[in-house]
Amino acid sequence: MADPWKESFDHAIAVARKAGVVIRDALQNEVKVMTKSSSVDLVTQTDQRVEKIIISSVKEKFPTHRFIGEESVAAGQPCILTDEPTWIIDPVDGTTNFVHGFPFVAVSIGFAVNKELEFGVVYSCIEDKMYTGRKGKGAFCDGEQLQVSDVTEIKKSMIISELGSNRNPETVSKIFSTMQKVLCIPVHGLRGSGTAATNMCLVASGAVEAFFEIGIHCWDIAAGAVIVLEAGGVLLDVDGGPFDLMSRRMVSANNRTIADRLVREIDVFPAERDDAVKPKPKP
Amino acid sequence: MADPWQDAMDHAVAVARRAGTMVRDAVQNDMKVMLKSSSVDLVTQTDQKVENLIIQSVTEKFPTHRFIGEESVAAGEACLLTDSPTWIIDPVDGTTNFVHGYAFVAVSIGFAVNKQLEFGVVYSCMEDKMYTGRKGRGAFCNGEALQVSDQKEITQSMVATEFGSNRDPEVVDKIFSSMRKVLCLPVHGMRGAGSAALNMCHVAAGSVEVYYETGIHCWDVAAAAVIVAEAGGVLMDVEGGPMDLMSRRVVAANCQVIGERIVKEIDAFSPERDDAAPPEKA
């Protein structure tokens, strides 16, 4: 049977590469920054420009498809996954890295049909690495097949997490206490690239055993989720239950043993779901 | 006047590249690991092989020069800086990264004469980036001149540090409490490459404003110290004041203002100095 989403997949790769070139070009120039809620949570003009490039190019080719995009949601569009073919887009994952020229910046494009993720494309544009995953057909980086690490002992593991952009004292306390507990299991080391999409690709490629975070959004991880699964990894909620794309909580790991061990150390804190119904603004 | 150490520097660049190629090759193959004091503090056969390669090649060309190397010191050699021309070598900076195939692994070669650092070479071998600094003559990455960030506001800064390999609870508490205070200044973000040499090169290149760490060794930072200084940055102790290469403490910043602001948030502690006298044998 012909693959019904092959054309969309090919288009995603082409447009991710095009978007990545725009980002790389923008990095050479002065980066003009607009502020969102805090100075940490930066959004750049490039972010909006790249999302427009991706959405308009997809609309032209697939006029009935829907979108969930970081910038569209920030501009007030709903963040609801329906059964329709839906592109889930983070135009620039790693905005803080982008602003500083730190070399992990990715374009992330996930694609879901009937609420199931079908493929994911993550283009790490400064490194020029194209990660792809297609349900049932494996995960690849620049044509080379990806396979998660076979380590099953947590003490021999490298773990990734992020300090995040939330500076609420209670949240920061939980993040630090979790990290300290994980470090002192002990593990080999803790790292963080500053982009969730790239962190997941590092799990898929076996450079780290696991990545966990609370506070990420569906557009940060939709593409990486397919790549991790297709490289042989697992996805869980931070409390050990099933992964929920909209819950803003995730553990991605090379196997269930490592994931379960990490879950025991994670201090969970609340994060409003991506698909929460927002109160209507008062007139 | 001709540069008296040009020959030595050219040799350092050439041997760093050769060493880096060896490290890259080893990462492709299966890595056989020996244990040091704990499972975190790994040292690989490559580490020793690369240090031997560097020392042999330098000894052949400069027979009177001395060495301080991570592996030689681990094997019991003295870690004392004299006035003689001395090569300060970390064959594989980022050993944990190396073991996991994480992309930041560097060969670090510093060179001191009369206890003053003259040049530094850091080769990031997975990325194929050659960072160099020569006292008074600037810092470069693959031929392009490096310049630190001009940011003066700590709240607009990106900060690099590491959790380190020490799992002593008191030390871990201090590391976390410092990190937390720094994060909540607030700063834009905190990163760690897992290699001190590369964290410092990131300061030199302007992608982070400041890097601090306690627990590093002279061979981790000697080369990159020249690169940071020549890119326009400053080096300090974690309590302020001048950096002491043997103290195992460093702040490398784009400017004095940022360096001093970070110092205020650091809970300082003092690991045993690199040049501490070894315990008397019974």
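Nearest heavy-atom pair across B:Ser207 and A:Gly101 is CB-O, 3.5 Å. Nearest heavy-atom pair, A:Ala207 versus B:Gly101, reported as atom, atom and distance to 0.1 Å: CB-O, 3.8 Å. Nearest approach of A:Arg191 to B:Thr96, heavy atoms of both residues: NH2-CB, 3.9 Å. A pairwise comparison of heavy atoms in B:His188 and A:Val99 identifies CE1-CG1, 4.5 Å as the closest pair.
Separation of atoms CZ (B:Phe176) and CD1 (A:Ile175) is listed at 12.0 Å; rounding is to 0.5 Å. Atom-to-atom distance recorded for A:His100:NE2 and B:His202:NE2 is 13.5 Å, nearest 0.5 angstrom.
With a 4.5 Å cut-off on non-hydrogen atoms, B:Gln151 does not touch chain A at all. Looking at B:Ser157, only its backbone comes within 4.5 Å of chain A, counting heavy atoms on both sides. Only the backbone of B:Ala193 comes within less than 4.5 Å of a heavy atom in chain A; its side chain stays farther off. A:Leu190 touches chain B through backbone and side chain together, each having a heavy atom under 4.5 Å away.
Taking 4.5 Å as the limit, some side-chain heavy atom of A:Met179 sits within range of a side-chain heavy atom of B:Phe163. A heavy-atom distance below 4.5 Å is not found between the side chains of A:Met158 and B:Val99. Residues B:His100 and A:Val151 form no side-chain contact, since every pair of their non-hydrogen atoms from C-beta on lies 4.5 Å or further apart. The shortest side-chain heavy-atom distance between A:Asn97 and B:Met158 falls under the 4.5 Å cut-off. Side-chain atoms of B:Met179 and A:Gln180, non-hydrogen and from C-beta on, never get closer than 4.5 Å to each other.
A side-chain donor from one of B:Arg180 and A:Ser173 sits under 3.5 Å from a side-chain acceptor of the other.
Using a 4.5 Å heavy-atom cut-off against chain B, the contacting residues of residues 208-227 of chain A are A:Val208, A:Glu209.
Considering only heavy-atom pairs separated by less than 4.5 Å from chain B, the leading option among A:Cys184, A:Gly192, A:Gly194 is A:Gly194. Contact count versus chain A (heavy atoms, under 4.5 Å) is highest, among B:Gly194, B:Ser149, B:Ala103, for B:Gly194.
For CD of B:Glu170, the number of neighbouring non-hydrogen atoms (other residues, nucleotides, ligands) closer than 6.0 Å is 12 at most. For B:Lys264, the NZ atom counts as loosely surrounded, since its 6.0 Å shell holds 12 or fewer non-hydrogen atoms of other residues, nucleotides or ligands.
Checked by atom type and distance alone, the side chain of A:Arg167 never pairs as donor or acceptor with a backbone atom of B:Leu185 at under 3.5 Å.
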